[in-house]
Amino acid sequence: MNDRISIKNLKVFAYHGVLPEEKRSGQYFYLDIELYGDYLMACLLDRLDEAVNYDEVCNCAYKAMTENTFDLIERAAQVVCDSILKEFERVSEVEVTLKKPHAPVKCDIEYAAVTIRRGRENYR
């Protein structure tokens with residue numbers, strides 16, 4: 001199962017963070033999502049019903065990010081993984097990198113990020 005579908009820089013406005021102003025004002029987050037699985041039948045048959053619809057994955061991740069509020073981006077990334085694995089049974093593993101470009105740090109950074117990778121075996 002080395003096949004991979006990649007979604008890069010899904011832009012989501014949400015209200016995650018430890019500081020009260022982060023929860024009040026919100027900010028943009030960016031997600032990179034890697035969907036691992038066996039997509040051979042999609043490759044051979046050229047049929048969407050044999051693939052993972054990345055529009056639906058984007059909507060799933062967007063919903064997970066916007067319907068919840070968390071202190072930590074680690075928790076937000078975990079919920080995105082949980083939602084994808086629950087909704088898309090063709091995905092055997094998912095890796096999510098959640099980037100926070102406006103992290104409240106005193107140094108000049110491009111973004112702070114967390115990357116987590118979860119598989120179905122994490123849920124048995």
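Small disclaimer: the values here were computed from a predicted structure and weren't measured. All heavy atoms count here, side chains included; hydrogens, waters and symmetry mates do not.
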Indicate yes or no: does [X] engage [Y] in a salt bridge with an N to O separation below 4.0 Å.
X     : Y      : result
Glu89 : Arg120 : no
Glu93 : Arg4   : no
Asp82 : Arg118 : no

Query raised in the report: More than 12 non-hydrogen atoms from neighbouring residues, nucleotides or ligands closer than 6.0 Å to CZ on Phe13, yes or no?
Result: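 Yes, the 6.0 Å shell around CZ holds more than 12 heavy atoms from other groups.
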Query raised in the report: Would you find more than 12 non-hydrogen atoms of other residues, nucleotides or ligands less than 6.0 Å from Glu21 atom CD?
Result: yes
Heavy-atom side-chain contact between [X] and [Y] under 4.5 Å:
X      : Y     : result
Val96  : Asp32 : no
Val114 : Thr97 : no
Thr115 : Glu95 : yes
Lys11  : Lys99 : no
Leu35  : Ile84 : yes

Query raised in the report: Hey, what do you get for SG (Cys81) to CD1 (Ile116), rounding to the nearest 0.5 Å?
Result: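 Between Cys81 SG and Ile116 CD1, I get 4.0 Å after rounding to 0.5 Å.
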Query raised in the report: Once you round to the nearest 0.5 Å, how far does CZ of Phe29 lie from OH of Tyr111?
Result: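 Between Phe29 CZ and Tyr111 OH, I get 14.5 Å after rounding to 0.5 Å.
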Requested in this report: For Tyr28 and His102, run ring pair (Phe, Tyr, Trp, His ring centres under 6.0 Å): C-alpha distance rounded to whole Å, both residues' side-chain angles, the deciding distance at 0.1 Å, then the answer.
Outcome: CA-CA 8 Å; Tyr28 284 103; His102 302 292; 7.9 Å; no
Please report the shortest heavy-atom distance between [X] and [Y], naming the atom on each side.
X     : Y     : value
Cys58 : Leu10 : O-CD2, 3.8 Å
Arg90 : Asp49 : NH2-O, 2.9 Å
Val91 : Leu85 : O-CD2, 3.6 Å

Query raised in the report: Transitively linked via ILVMFWY side-chain contacts under 4.5 Å: Val52 with Tyr54?
Result: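 Yes; tracing contacts between hydrophobic side chains, which count when under 4.5 Å, links both residues.
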Side-chain donor-acceptor distances from residues 61-73 under 3.5 Å, at least two apart:
unit_1, atom_1, unit_2, atom_2, d
Thr66, OG1, Tyr62, O, 2.9
Asn68, ND2, Ala64, O, 2.8
Asp71, OD1, Lys23, NZ, 2.5

Query raised in the report: How would you list, by chain and number, every residue that makes a salt bridge (Lys or Arg N to Asp or Glu O under 4.0 Å) with Glu22, sequence neighbours excluded?
Result: Lys100
Given 3.5 Å as the limit, does a donor-acceptor pair link the side chain of [X] with the main chain of [Y], or not?
X     : Y     : value
Asn59 : Asp55 : yes
Ser92 : Tyr36 : yes
Asn9  : Tyr30 : no

Query - Sequence neighbours excluded, every pair satisfying ring pair (Phe, Tyr, Trp, His ring centres under 6.0 Å) that has a member inside residues 74-94 - result: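 The answer is none; no pair qualifies.
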